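One structure is given below, encoded as structure tokens.
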Amino acid sequence: MLSYSSYILTAVAALIVTCHALSKFPEISGLPDIPGKDVLKGLPHVPGLPGSLDTGCHNLLVNLEHRLFQLEAALALNGKIREVGEKVFATNGKKADFASALRSCEEAGGTLATPMNEEENKAIMDIVKQYKQYAYLGIKECETSGQFTYITGMPLSYTKWHQYEPNGKGKEKCVEMYKDGSWNDKKCNLYRLTICEF
Ligand code: MMA
Ligand code: CA
């Protein structure tokens with residue numbers, strides 16, 4: 001297996017190659033054709049930076065960062081996303097069984113909402129309240145041990161079980177969030193709000 005540092009070295013090498021190309025075409029060459037790309041075009045270069053290579057990359061990153069800030073602000077304003085630390089929570093507004101909800105999240109490049117602390121739990125709870133629908137979480141009961149784990153199989157490091165839960169005794173292998181943010185183990189074939197994290 002390649003070591004982590006060799007992946008970083010590879011990434012840095014790729015960046016240097018990209019930046020070198022950018023220094024020859026210091027506008028937006030190398031960016032995929034995405035909506036809103038045009039705003040990145042023709043913006044003034046950041047003054048006082050040494051070297052054309054540095055300038056091209058830095059300028060691109062400053063513009064991308066600004067565009068990301070705008071998009072996050074707009075989405076958060078409309079209640080489309082909840083941001084907690086590194087995570088972004090969002091729903092498609094649709095109800096689905098556990099497997100379909102997980103698939104939707106993964107196809108969108110994320111996974112099912114998985115609260116790892118009180119703050120993340122509250123962000124998910126806000127969406128549950130907003131849509132007035134319970135939601136499945138990215139937690140499952142392990143086939144073998146009967147323990148609840150993350151979808152990755154790792155043991156839970158934070159829990160918010162409702163009083164007397166989990167009580168399914170192996171018959172409720174998924175977990176839903178109630179409107180007060182507490183958790184209930186529940187059958188996996190019901191229709192619950194799809195909330196993903198990215
Ligand atoms: C339902 C079901 C269970 C839950 C209990 C709580 C009757 O079963 O949602 O998962 O534990 O209600 O009363
Ligand atoms: Ca239960």
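It should be emphasised that the depicted structure is a prediction, and the values quoted were computed from it without experimental measurement. We use all heavy atoms of the structure for the numbers below, so side chains are in, but hydrogens, waters and symmetry mates are not.
No path of Ile, Leu, Val, Met, Phe, Trp and Tyr side chains, each step under 4.5 Å between heavy atoms, connects W161 with Y164, placing them in separate hydrophobic clusters. When the side chains of ILVMFWY residues are joined at heavy-atom separations under 4.5 Å, either directly or via intervening members, I195 and I151 end up in two distinct hydrophobic clusters. At a threshold of 4.5 Å between side-chain heavy atoms, the hydrophobic network of Ile, Leu, Val, Met, Phe, Trp and Tyr places M177 and V88 in two separate groups. Cluster membership check: I127 does not share its hydrophobic cluster with L102, using side-chain heavy-atom separations under 4.5 Å among Ile, Leu, Val, Met, Phe, Trp and Tyr. Connection of V175 to L112 is not established within any shared hydrophobic cluster, with ILVMFWY side chains joined at heavy-atom distances below 4.5 Å, either directly or through further cluster members.
In this view, E120 and K87 satisfy the side-chain hydrogen bond (donor to acceptor under 3.5 Å, both in side chains) rule, not counting sequence neighbours. With sequence neighbours excluded, no residue satisfies side-chain hydrogen bond (donor to acceptor under 3.5 Å, both in side chains) with K187. Not a single side-chain hydrogen bond (donor to acceptor under 3.5 Å, both in side chains) links Y131 to another residue, sequence neighbours left out. Scanning for side-chain contact (heavy atoms from CB on, under 4.5 Å) contacts around K122 gives M125, D126, with sequence neighbours left out. Under the side-chain contact (heavy atoms from CB on, under 4.5 Å) criterion, E119 pairs with V84, N117, not counting sequence neighbours. Scanning for side-chain contact (heavy atoms from CB on, under 4.5 Å) contacts around D180 gives H162, Y178, S182, with sequence neighbours left out.
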**Asked** Checking side-chain contact (heavy atoms from CB on, under 4.5 Å) for the pair N167/E172: CA distance, chi angles, key distance, verdict?
**Response** CA-CA 8 Å; N167 63 356; E172 298 182 315; 3.2 Å; yes
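Remark: Y191 OH is loosely packed, at most 12 non-hydrogen atoms of other residues, nucleotides or ligands lying under 6.0 Å away.
Between A96 and T194, the shortest heavy-atom distance links the atoms CB-OG1, 3.8 Å.
Here ring-ring contact (aromatic ring centres under 6.0 Å, His included) pairs that include residues 101-125, with residues two or more places apart or in two chains, number zero. For residues 100-112, the side-chain hydrogen bond (donor to acceptor under 3.5 Å, both in side chains) pairs, not counting sequence neighbours, are D97-S100. Applying the salt bridge (Lys or Arg N to Asp or Glu O under 4.0 Å) test to every pair with at least one member in residues 148-169, sequence neighbours left out, gives these pairs: E118-K160. Among residue pairs with one or both ends in residues 101-121, none qualify as ring-ring contact (aromatic ring centres under 6.0 Å, His included); sequence neighbours excluded. Sorted by first and then second residue, the ring-ring contact (aromatic ring centres under 6.0 Å, His included) pairs with a member in residues 84-104 read F98-Y136; sequence neighbours excluded.
A 4.5 Å side-chain heavy-atom check between P166 and W183 finds every atom pair outside the cut-off. Annotation: side chain of V62 is in contact with side chain of H58 (closest heavy-atom distance under 4.5 Å). Side-chain contact between E197 and M116 is absent, with no heavy-atom pair separated by less than 4.5 Å. At least one side-chain heavy atom of N121 sits under 4.5 Å from a side-chain heavy atom of Y158.
In this structure, K179 NZ and Q133 CD are separated by 7.5 Å, a value rounded to the nearest 0.5 Å. In this structure, the separation between CG on N184 and CD on Q163 is 13.0 Å, given to the nearest 0.5 Å. Atom OH of Y134 is separated from atom CG of L193 by 13.0 Å, given to the nearest 0.5 angstrom.
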Could you tabulate the donor-acceptor pairs under 3.5 Å formed by side-chain atoms of residues 137-148, not counting sequence neighbours?
| residue | atom | partner | partner atom | Å |
| --- | --- | --- | --- | --- |
| S145 | OG | Q147 | N | 3.1 |

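Not a single donor-acceptor pair under 3.5 Å links the side chain of N78 to the backbone N or O of K80.
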